[in-house]
Amino acid sequence: MEEQILNSVIQAVKSLYGADVDKSALSLGKTKKEFTGDLTLVVFPLLKVSRQKPEDTAEAIGAYLKQNCPQVADYNVIKGFLNLSLAQACWVDTLNAIDADSNFGFKPVTESSPLYMVEYSSPNTNKPLHLGHLRNNLLGFSLSKILEANGYKVVKTNIVNDRGIHICKSMIAWLKHGNGATPESTGIKGDHLVGDYYVAFDKDYKAQIKELMEKGLSEDEAKAQAPIIKEAQEMLRKWEAGDAEVRALWQKMNNWVYAGFDETYKRMGVGFDKIYYESDTYLVGKKKVEEGLEKGIFYRRPDGSVWADLTKDGLDEKLLLRSDGTSVYMTQDIGTATLRFSDYNIDKMIYVVGNEQNYHFQVLSLLLDKLGFSFGKDLVHFSYGMVELPEGKMKSREGTVVDSDDLMDEMVTTATQISKELGKLDGLTEKEIADTCEIIGMGALKYFLLKVDPRKNMVFNPKESIDFNGNTGPFIQYTYARIKSVLRKAEESGVVISDLQADLQLSDKEAGLVQTLAAFPAVVAQAGVEYSPSQIANYIYDLVKQYNQFYHDFQILKEENEALRSFRLVLSRNVAKVISRGMSLLGIQVPEKM
RNA sequence: GGUUCCGUAGCUCAGCUGGAUAGAGCAACAGCCUUCUAAGCUGUGGGUCUCGGGUUCGAAUCCCGACGGGAUCACCA
């Protein structure tokens, strides 16, 4: 629609002023609501070729379009702005096309589609997931859906940090204090149980540090010499050496954690196509680094440690292998990348990782490039901001970490409370009520985290909790349920939807809704280019807001003009369709009733 | 200090590939349910878009500088 009008404008300029203008030089946008019209052309850029005053230029182009472009029914000029009113038939045609398109807004994935791998989640196995992980998981999942909707093959992947000193700490504490406790014996979810021992370790460690400092050691000395940290380090050495007992305990406790994570992931509605474990990839990374060393890309210091010199690239020197030969985070990421690119034919690798690791990925990109991986320099670090509390960062020491399982529980409980108060779900079965409240509570949480620009830090206030009114998930879900209710009633009462008539007289609100619906594909495309779920969220909110105004101002089923009633039903049906498709890109479900 | 991201209403956020009088939600106040779901709709108040320069017919948006805040620059991950 806009394309056609742009072409007509180009024609107009050619015919009126004999000049060729490029489409990109034209600015055609939605007309602001305080002016009449649907689309607005800004004519200032055309003054160079028209050599006339803005008003005259706009007037001339407007007259030409009205004359020669069937879509343009009328126009008005205000200063340098040419407001175009489109023919009613345009809206009907557009709505018909949307209605007929069962895959509206999405591009199909084909055999020849590029393959995008999206890494997200990437938990440590020593503690349960918190609010920050929640943002990560929802962003990663949503991004994957958006990329799929843009016609890319997507492989969702997770790298589990299952080895290292952190898990050894939990293991040591469990051996000391656990008395053989298991998730079964305690009834505690596996990831939480292991997390409890991680906390217990820290408590012991702190106590020992304090004791040593009282004996006159410096803080650094105390930290290094505390017996419990030495035990953990010793355990890590045994793990690396393949000690059977340590490995068995490690396996056991990690499995508890995985069972817990699986439950959490399932509830969040996220999943993975391929999971990598650091314990499998770190050796590959080590090998790659050694190869790089032989090729002279890296160098070894006298103490045996291996480094990359990135000072020529404007960065610092980076450690790749410790002097004792063990690997660091970067080494593992090199290994993981190596494995992934041998497993899949990856065209684009996207890492969903917090912005605190910007430097890490800058370095990773350079190192992969130096090692000869063609994908190195164009890997994408999807860098998102932190979730903070009103008083600042979450701190485990101060017990302010918001646990994701607890938060999901709270959201669903709140949804249940509100539903009961409003009596919205009376008459449904217990199961239906529970399912609906799950959808609403999770919808509120997900929308809250996804509606803000991923790059920005965001604030979560636990006291005020998450709203269910206004710009929220439930508001959108509610609108959907309302539409479904109308559509159900239409069906029950045998209302027939006739073919839409081209000469319908539509209100501004109706035409505006069609215009907004028609923008959905462009929004999906833009969200794909910019890797931005928030653009989808903001679009849906805008659509829903408009629809609610329409719903308030107009009758649908009670409209006596049959042609108009049909139009409104088809309009409503497609608003529901776009809400549902848009929300699916955010990983949010919509309820039939609420 | 180097690098980097950010600064819009009391609060949480849109808008940022330059376009008309900067928008929502929350909170406050005032209205709207005998009519398709009031988790809704309507209205009121609330702003030197951190500040200062520059580019432009036009700047919240682009450039430079200052100020303020976050992140990072580990033989942690």
Side-chain angles (χ1 to χ4, degrees), chain A residues 24 27 29 31-32 34-35 40 42-45 47 54 78-81 83 122 124 126 161 164-166 278 301 303-307 314-330 332-333 354-360 362-363 383 385-386 388 390 392-393 415 418-419 421-424 440 444 448 451-453 455-461 464 467-479 481-490 493 526 530 534-535 537-538 541-542 544-545 548-559 568-569 572 593-594:
Chain A
S24 61
S27 151
T31 303
K32 295 200 127 198
E34 52 267 44
F35 302 98
T40 295
V42 184
V43 300
F44 290 109
L47 300 185
I78 296 171
K79 294 193 276 183
F81 300 90
N83 300 317
S122 309
N124 289 348
N126 61 329
N161 301 311
I165 194 76
H166 55 83
E278 210 175 272
R301 287 188 183 172
D303 65 3
S305 56
V306 177
W307 295 74
L315 303 177
D316 299 323
E317 302 189 334
K318 184 73 191 175
L319 176 84
L320 297 175
L321 290 176
R322 297 190 185 98
S323 50
D324 65 4
T326 56
S327 65
V328 293
Y329 181 38
M330 188 60 75
Q332 289 145 190
D333 259 359
N355 62 14
E356 58 200 347
Q357 293 189 32
N358 285 353
Y359 182 75
H360 174 80
Q362 220 179 323
V363 172
S383 164
M386 301 290 101
E388 289 169 2
K393 288 185 77 168
I418 295 176
S419 295
E421 276 166 28
L422 296 174
K424 290 286 186 179
I440 297 168
F448 179 85
K451 75 174 175 188
V452 320
D453 184 338
R455 288 170 309 176
K456 291 189 175 175
N457 288 355
M458 63 183 297
V459 176
F460 171 75
N461 189 337
E464 290 176 9
D467 261 307
F468 285 69
N469 299 316
N471 186 0
T472 67
F475 168 68
I476 292 163
Q477 292 171 322
Y478 172 71
T479 307
R482 245 178 170 185
I483 297 174
K484 294 306 271 194
S485 171
V486 173
L487 295 176
R488 269 195 305 274
K489 291 209 161 124
S493 58
Q526 189 67 12
E530 294 186 17
S534 71
Q535 294 198 8
N538 287 312
Y541 176 66
D542 187 46
V544 162
K545 187 107 187 99
N548 278 320
Q549 289 165 4
F550 157 78
Y551 182 92
H552 180 265
D553 292 352
F554 296 90
Q555 297 194 320
I556 302 169
L557 293 173
K558 289 181 180 144
E559 171 58 47
R568 288 178 187 163
L569 280 166
S572 299
K593 293 179 184 172
M594 72 181 269

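Sequence lines set the chain letters: A, B, ... in the order given, protein chains first and strands last, and positions in each chain run from 1.
Nearest-nucleotide assignment on RNA chain B puts the 5′-proximal partner with A:R455, out of A:E317 and A:R455. Along RNA chain B, the nucleotide nearest to A:V42 and the one nearest to A:G164 differ in position, and the one closer to the 5' end is contacted by A:V42.
Every residue was checked against the salt bridge (charged side-chain N to carboxylate O under 4.0 Å, His left out) condition with A:E530, not counting sequence neighbours, and none meets it. Take A:T40 and apply the side-chain hydrogen bond (donor to acceptor under 3.5 Å, both in side chains) test, not counting sequence neighbours, and it matches A:T31, A:N83.
Taking atom P in both B:C26 and B:C41, one finds a spacing of 9 Å when rounded to whole Å. For the P atom pair drawn from B:C62 and B:A14, the interatomic distance equals 15 Å after rounding to whole Å. Here, B:C51 and B:G7 have their C1' atoms 11 Å apart, quoted to the whole Å. Taking atom P in both B:U42 and B:G54, one finds a spacing of 42 Å when rounded to whole Å. Distance check on atom C1': B:G52 versus B:A59 gives 15 Å, rounded to whole Å. On the P atoms, B:G47 is 46 Å away from B:A74, given to the nearest whole Å. Of the C1' atoms belonging to B:U61 and B:G23, the separation is 15 Å, rounded to the nearest Å. For the P atom pair drawn from B:G65 and B:G1, the interatomic distance equals 15 Å after rounding to whole Å.
Under a 3.5 Å cut-off, the side chain of A:S419 and the backbone N or O of A:A415 do form a donor-acceptor pair.
Here the nucleotide nearest the side chain of A:D467, chosen from B:C26, B:U4, B:G19, is B:C26. For A:S485, taking side-chain heavy atoms from C-beta onward, the closest of the listed nucleotides B:G70, B:U37, B:A20 is B:U37. Proximity note for A:F81 (side chain, C-beta onward) versus B:U4, B:A77, B:G19: the nearest is B:G19. In the set B:G70, B:A20, B:U72, the nucleotide with an atom closest to the side chain of A:Y359 is B:U72.
Using a 4.0 Å heavy-atom cutoff across all strands shown, A:Y541 reaches sugar-phosphate atoms only and no base atom. Counting any heavy atom pair closer than 4.0 Å across all strands shown, A:A490 reaches no nucleic acid atom. Note on A:D333: nothing from the nucleic acid sits closer than 4.0 angstrom, heavy atoms only. Residue contacts shown for A:T40 include a base, since a base heavy atom lies under 4.0 Å away. A:Q477 comes within 4.0 angstrom of no nucleic acid atom, judged by non-hydrogen atoms across all strands.
Atom pair A:M330:CE and B:C76:C1' shows a separation of 13 Å (rounding to whole Å applied). Taking atom NZ of A:K393 as the reference point, atom C1' of B:C6 lies 15 Å away to the nearest angstrom. The distance between atom CD of A:E388 and atom P of B:G69, rounded to the nearest whole Å, is 14 Å. To the nearest angstrom, C1' of B:A74 lies 13 Å from CG of A:L320. The distance between atom OH of A:Y329 and atom C1' of B:A74, rounded to the nearest whole Å, is 14 Å. Distance, A:Q357 CD to B:A74 C1': 13 Å, rounded to whole Å. Summarising the geometry, the separation between CG on A:N126 and P on B:C76 is reported as 16 Å, rounded to the nearest angstrom. Here B:U21 presents its P atom at 7 Å from CZ of A:F35, a figure rounded to the nearest Å.
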Q) Which dot-bracket string fits RNA chain B when only Watson-Crick or G-U wobble pairs with both atom distances under 3.5 Å count, crossing pairs get [ ], and | stands for a partner on a different strand? A) (((((((..((((.....[...)))).(((((.......))))).....(((((..]....))))))))))))....
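At least one side-chain heavy atom of A:F550 sits under 4.5 Å from a side-chain heavy atom of A:S572.
To the nearest 0.5 Å, the span separating OG on A:S534 from OH on A:Y541 amounts to 15.0 Å. Separation of atoms OG (A:S383) and CD (A:Q362) is listed at 11.0 Å; rounding is to 0.5 Å. Taking NZ of A:K489 as the start and CD1 of A:I556 as the end, the distance is 11.5 Å to the nearest 0.5 Å. With rounding to the nearest 0.5 Å, the separation of CD1 in A:I78 from NZ in A:K32 is 12.0 Å. Taking CG of A:D467 as the reference point, atom CZ of A:F448 lies at 9.0 Å (rounded to 0.5 Å). Rounding to the nearest 0.5 angstrom, the gap separating the CG atom in A:N124 from the CD atom in A:E278 is 8.0 Å.
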Q: Produce a footprint string for nucleotides 7-14 of chain B: one letter per nucleotide, 5' end first; B if the base is under 4.0 Å from any protein heavy atom, S if only the sugar-phosphate is, - if neither.
A: S----SSS
Q | Contact letters for nucleotides 55-64 of chain B, in which S counts primed atoms plus P, OP1 and OP2 and B counts the base, heavy atoms under 4.0 Å | A | --B-------
Q: Starting at the 5' end of nucleotides 39-44 of chain B, put B wherever the base has a protein heavy atom under 4.0 Å, S where only the sugar-phosphate does, and a dash everywhere else.
A: BSSS--
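OP1 and OP2 of B:A74 both lie 4.0 Å or more from every side-chain N or O belonging to A:R322.
Using bins of under 30°, 30° to 60° and over 60° for the plane-to-plane angle, the ring pair A:H360/A:Y329 lands in the parallel bin.
Salt-bridge annotation for A:R455 and A:D453: present, with a side-chain N of the basic residue lying under 4.0 Å from a carboxylate O of the acidic one.
Nearest heavy atoms, A:N538 versus A:K451: ND2-O, 3.8 Å. Minimum interatomic distance between A:L320 and A:V328 (heavy atoms only, all atoms of both residues): O-CG2, 3.6 Å. Nearest heavy-atom pair across A:V43 and A:P54 is CG2-O, 3.7 Å. Minimum interatomic distance between A:F468 and A:I440 (heavy atoms only, all atoms of both residues): CE2-CG2, 3.7 Å.
A:R301 and A:S305 are not linked by any side-chain donor-acceptor pair at a separation below 3.5 angstrom, with hydrogens and angles left out of the test.
B:C33 shows a glycosidic angle within 90° of 0 and is accordingly assigned syn.
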